[in-house]
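First up is the structure itself, then whatever we jot down about it.
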Amino acid sequence: MSTVEDTPQYHKKDFMSDQTVRWCPGCGDYAILSQVQTVFADLGIPRHQFAVVSGIGCSSRFPYYMNTYGFHTIHGRAPAFATGLRLANPELSVWLVTGDGDGLSIGGNHLIHILRRNVDLQILMFNNRIYGLTKGQYSPTSEVGKRTKSSPMGSIDRPFMPCALAIGADGTFIARTADIFVKEQRALLKAAHRHKGTSFIEILQNCVIFNGGAFDDQTARKLRDEHCVFLENGKPMLYGSKDARKGLVIGDDYRIGSIDIHTPEDEARVLVHHQTNLAMATLLTRIGTDDGLPTAMGIMYHMQAPVYEREVYAQIETAQARPGSGNLHKALVGKNPWTVQG
Amino acid sequence: MQDVAQDGAVVSTRQIIDDVVVRFAGDSGDGMQLTGDQFTRTTAAQGNDLATFPDYPAEIRAPAGTLAGVSGFQVHFSSHHVRTPGDQPSVLVAMNPAALAANVKDLKTGGLIIVNTDKFGARDLEKADLTSNPLEDGSLDAYQVVPVQLSNLTKAAVQELGLNTKEADRCKNFFALGMTYWLFDRALDWTQNWIRTKFKAPYAEANLRALQAGYNYALTVELFHAGYEVPPAALKPGTYRNITGNQATALGLLVAAQKAGRPLFQGAYPITPASDILHLLATYKEFGVITFQAEDEIAAISATIGAAWGGAIAITSTSGPGLALKGEALGLGVIVELPMVVVDVQRGGPSTGLPTKTEQSDLFIALYGRHGDAPNPVIAAQTPGDCFHAAIDAVRIAVKYMTPVLLLTDGYLANGAAPWRLPDLDEIPEIPVSLADDPETFHPYERDPDTLARPWAIPGTPGLEHRIGGLEKADGSGNVSYDPDNHQKMTEIRRQKIARIAQDLDPVDVEGDSGGLLVVSWGGTFGAVRSAVTQARLAGTRCGHLHLRWLNPFPRGMAELFAGYDQILVPELNMGQLATVLRSTFLVDAKSYSKVQGKPFKVSELVARIQTMTSQA
């Protein structure tokens with residue numbers, strides 16, 4: 001295996017494949033692709049140790065545009081392919097790209113199971129709250145009432161909140177960002193890479209064609225301060241503009257609320273974010289929809305748990321350390337052989 | 001035991017016979033599979049050739065005493081070569097009225113019935129849907145009935161051990177086993193040792209006493225007209241063990257990975273009757289085997305493909321419903337051209353069908369069960385022990401031709417046991433694996449001119465970074481291509497590649513006559529069909545037997561072979577799937593003989609069909 005010392009100095013372009021990128025003009029995927037290529041060049045990992053695995057959908061074309069090993073698999077199953085790959089080759093840095101349809105609808109089962117197993121890889125879920133590649137049907141994250149080709153009178157499905165689902169599935173690293181949040185996104189990608197276990201990042205991604213502006217509240221310059229709380233571990237959860245500062249507080253009823261901050265006493269009431277606090281993280285994954293609260297951005301939850309592949313190999317090592325192990329003849333003979341003489 | 005065996009008086013009462021079929025039948029909670037298994041192991045150790053047929057219900061515990069809950073285990077053992085578990089038992093051990101009622105019709109006329117009379121109360125008869133007591137109504141007049149108060153005798157045998165009634169009653173299968181051991185002059189020591197390692201006190205002691213009591217009872221009470229002796233068969237010298245098809249499959253996969261010098265990866269989801277392959281491979285961690293129990297069948301094959309990409313000898317095992325779920329991923333396996341083996345232990349279908357019963361009805365899905373033109377090779381094992389060799393052949397072809405391979409076994413092979421002579425590991429050829437490693441010459445879809453295989457390039461190899469996936473790829477470069485001519489070309493190459501596997505296969509090999517009737521079979525019916533053709537020929541019928549190991553591609557020379565016969569008969573445990581393929585591929589008048597009862601063919605019914613066909617010709 002290569003060491004950091006003999007890893008070449010990479011630039012973003014080293015991670016750009018020779019294939020023409022074919023997302024729609026203005027698609028949020030371009031910004032994400034650019035951040036991933038930039039971050040890969042910075043991680044100190046030889047290029048041949050990267051593998052990008054995807055399912056089906058607009059987002060899942062991602063591997064074709066990365067000059068790494070890549071596998072564009074089938075709809076929804078990327079977590080299972082990636083698990084098999086990690087088990088066969090635990091040296092690789094594996095990145096899984098999926099969308100809200102691929103990951104939460106057809107692939108919901110695989111997503112929850114990779115999270116509970118805590119396979120060491122990074123999941124980037126591009127959430128645009130719509131089916132793009134099939135041209136505009138409502139998705140598992142579409143809001144109730146959304147009118148689409150397949151819901152002309154409005155969607156009646158209650159939407160999933162991806163991070164809430166991920167934390168419910170015992171994920172160990174749960175974060176959210178948006179396609180155009182360049183700086184935050186890069187920091188999150190690096191933090192996800194450092195995490196040992198499954199990292200889940202929901203990336204709010206704008207589908208200009210079928211659901212343009214879905215995240216304007218969170219991403220527009222004039223609106224984002226009011227609608228997002230950017231989490232920092234160990235820091236109070238403050239948001240709002242300079243003139244109208246706000247903070248998150250917890251009420252006696254264990255609900256999260258928001259207060260306007262005018263005095264130091266107000267500020268002292270604001271909750272401090274602790275990434276390892278499951279109860280708090282669970283609340284944070286759910287705020288920001290029709291509740292008058294901001295959407296949480298950054299790492300909501302981060303804790304260490306046994307890594308699946310390591311446990312698999314630990315059992316193998318234990319078995320191999322037993323005296324007399326690895327005798328193929330013994331395995332074939334079984335427990336009760338007998339001999340027929342000639 | 002030996003005292004008895006050396007006792008002249010006892011030995012003199014033994015009649016030497018060369019072939020016996022015994023069936024143990026009882027409630028699924030009566031331990032009949034265990035009893036049959038013990039009888040099998042002891043019989044194998046005594047040097048007889050044998051074959052077994054476990055037949056159990058899908059329910060773990062159906063209501064006690066009912067027909068639905070009857071579990072059976074048939075053992076055919078002989079002084080000669082044994083190919084099938086036998087058409088008709090000559091001895092039936094029946095633990096209750098339901099077991100008797102469900103099985104007596106299979107018994108040979110004049111056969112022996114050892115029956116537990118303690119379970120023939122009015123309620124017991126009612127539970128078995130019987131309106132009269134078969135022990136009294138004359139319906140068993142054609143058989144020799146040996147009535148035994150199994151429950152009470154067992155209770156007496158274990159009396160001093162302080163077991164409660166229920167616990168004491170649970171030992172009665174060992175009492176019955178002990179009786180059959182006396183009947184066929186089997187040594188007790190193998191089972192005694194097994195009981196000592198398997199059970200804790202006082203249950204070990206109780207079972208030992210029940211076994212011995214059953215043996216002594218049979219010896220002293222003179223229930224039987226005679227004891228029997230079945231001399232050992234003349235088996236080829238070597239080390240033997242009993243093996244089931246599932247055990248042999250697991251071992252074959254293990255050995256194949258070792259011969260390829262790559263780690264073995266198995267992705268699997270529990271399913272009857274394939275789960276034992278997972279159970280067994282999970283115990284081989286000492287060989288670096290990775291078993292991944294996935295969240296579903298689709299994840300199981302998807303992880304398998306991911307592991308194949310990562311350089312493992314990757315396999316997934318399942319049964320029919322699981323294979324249906326794996327179809328889409330298997331199509332991906334075909335287009336990305338990675339080596340892997342999909343084991344399908346066939347069972348009665350469609351849907352949940354008859355999950356614990358055997359059938360050969362997955363040939364079509366194995367050959368065709370993917371969307372698009374997506375050919376993959378299909379190999380079928382023919383005996384429990386042959387599953388070992390078929391698994392190795394499947395891996396060898398998968399790696400050499402860079403393709404998924406379907407290995408078909410079935411419930412009958414998977415659970416049936418037979419003595420298996422251990423192969424010499426050194427005689428099994430290595431499986432050459434060549435991994436791409438040269439960035440200068442590497443093209444993801446450049447092909448070996450001989451096999452048309454593309455290179456196996458494992459992530460982590462410096463300089464070979466490339467993308468694969470389900471979209472059609474350009475010949476050579478492997479870039480995504482929507483070019484119409486390229487798709488035509490790639491589709492043809494994928495078909496040609498599989499067709500070329502025929503160059504690696506043994507030519508067609510017929511047993512028997514080169515004219516007259518040709519019987520064509522595949523998979524687990526081998527033993528029954530071979531026996532039937534042999535018997536028919538001895539009776540003067542001109543016929544031959546072709547047993548196919550590879551169903552895609554077929555071995556070379558089939559058309560020429562068919563031309564030499566007047567008639568073709570294709571017996572299958574399905575509605576004529578191979579017959580249909582043969583008719584469409586070779587334009588021959590292959591006649592199907594179909595059976596879909598969840599049971600294997602009887603030799604006698606095959607002989608009858610062969611004779612009917614030839615006498616009408």
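Lettering follows sequence order; numbering is per chain, from 1.
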Rounded to the nearest 0.5 Å, how far does CZ of A:R77 lie from CD1 of B:I305?
-> 11.5 Å
Most contacts with chain B, counted as non-hydrogen pairs under 4.5 angstrom, among A:N89, A:I114, A:L87 = A:L87
For B:I301, is it the side chain, the backbone, both, or neither that has a heavy atom closer than 4.5 Å to a heavy atom of chain A?
-> neither
Are A:R116 and B:E295 close enough for a salt bridge, meaning some N to O gap below 4.0 Å?
-> no
Under 4.5 Å from any heavy atom of chain A - which part of B:Q258 = side chain
Quick one: does A:N336's side chain get under 4.5 Å of B:R41's, heavy atoms only?
-> yes
Non-hydrogen atoms of chain A under 4.5 Å away: do they reach the side chain of B:F265, the backbone, both or neither?
-> side chain
Taking every heavy-atom pair that is under 4.5 Å apart, which of B:G288, B:G463, B:A312 has the most such pairs with chain A?
-> B:G288
Contact part of B:L422 toward chain A, heavy-atom cut-off under 4.5 Å: side chain, backbone, both or neither?
-> side chain
Non-hydrogen atoms of B:L254 and A:A331 that approach each other most closely = CD2-CB, 4.4 Å
Shortest non-hydrogen separation from A:H75 to B:E328 and the atoms involved = N-OE2, 4.2 Å
Going by residue number, which parts of residues 11-19 of chain A are within reach of chain B, meaning a heavy-atom gap below 4.5 Å?
-> A:S17, A:Q19
Could you please state which residues from residues 92-112 of chain A sit under 4.5 angstrom from chain B, measuring non-hydrogen atom to non-hydrogen atom, sorted by number, or 'none'?
-> A:L92, A:N109, A:H110
Kindly compute the distance separating CZ (B:R467) from OH (A:Y65), expressed to the nearest 0.5 Å.
-> 11.5 Å
More than 12 non-hydrogen atoms from neighbouring residues, nucleotides or ligands closer than 6.0 Å to CZ on B:F39, yes or no?
-> yes
Chain A: which of B:G469, B:S302, B:G267, B:G306 shares the most heavy-atom pairs with it under 4.5 Å?
-> B:S302
Examine whether an atom of A:Y313 lies under 4.5 Å from a heavy atom of chain B, and if so say whether it belongs to the side chain, the backbone or both; otherwise answer neither.
-> side chain
Cut-off 4.5 Å, heavy atoms of chain A, and the answer for B:W190 is side chain
Using non-hydrogen atoms only, which part of B:A44 is less than 4.5 Å away from chain A: side chain, backbone, both, or neither?
-> both
Nearest-0.5 Å distance that lies between atom CD1 in B:I458 and atom OH in A:Y69 | 9.0 Å
Indicate yes or no: at least one non-hydrogen side-chain atom of B:F292 is less than 4.5 angstrom from one of A:V312.
-> no
Which portion of A:T73 sits near chain B, non-hydrogen atoms under 4.5 angstrom | both
Could you tell me which of A:L328, A:T83, A:T318, A:N327 has the largest number of non-hydrogen atom pairs under 4.5 Å with chain B?
-> A:L328
Which word best sums up how the rings of B:Y240 and A:W338 line up, parallel for under 30°, tilted for 30 to 60°, or perpendicular for over 60°?
-> parallel
Look up atom CG in A:N67 and atom NE2 in B:H466, then write down how far apart they are to the nearest 0.5 Å.
-> 12.0 Å
Mind ranking A:A88, A:S325, A:G84, A:P337 by heavy-atom pairs under 4.5 Å with chain B and telling me who comes out on top?
-> A:G84
Please flag which part of B:L425 lies under 4.5 Å from any non-hydrogen atom of chain A: side chain, backbone, both or neither.
-> side chain
Which one of B:A234, B:G238, B:A308 has the most heavy-atom pairs closer than 4.5 Å to chain A?
-> B:G238
d(B:L471 CG, A:Y64 OH) to nearest 0.5 Å is 4.0 Å
Is chain A contacted by the side chain of B:P459, its backbone, both, or neither, given a heavy-atom distance below 4.5 Å?
-> both
What pairs of donor and acceptor atoms, side-chain ones from residues 330-339 of chain B against any protein atom, are under 3.5 angstrom apart with sequence neighbours left out?
{"unit_1": "B:E337", "atom_1": "OE1", "unit_2": "B:R447", "atom_2": "NH1", "d": "2.8"}
{"unit_1": "B:E337", "atom_1": "OE1", "unit_2": "B:K497", "atom_2": "NZ", "d": "2.9"}
{"unit_1": "B:E337", "atom_1": "OE2", "unit_2": "B:R447", "atom_2": "NH2", "d": "2.7"}

Approximate separation, where rounding is to 0.5 Å, of A:Q341 CD and B:L235 CG | 12.5 Å
So, B:Y284 side chain and A:G326 main chain: donor-acceptor pair closer than 3.5 Å or not?
-> no
With the threshold set at 4.0 Å, does a side-chain nitrogen-carboxylate oxygen contact exist between A:R322 and B:E286?
-> no
Honestly, the part of A:V333 sitting under 4.5 Å from a heavy atom of chain B is both
Taking the side chain from B:R241 and the backbone from A:L332, do they hold a donor-acceptor pair closer than 3.5 Å?
-> yes
Residues 54-63 of chain A vs chain B, non-hydrogen distance cutoff under 4.5 Å, contacting residues -> A:R61, A:P63
Output yes when a side-chain donor or acceptor of B:E465 lies under 3.5 Å from a complementary backbone atom of A:H48, and no otherwise.
-> yes
Side chain, backbone, both or neither: which part of B:T239 has a heavy atom under 4.5 Å from chain A?
-> both
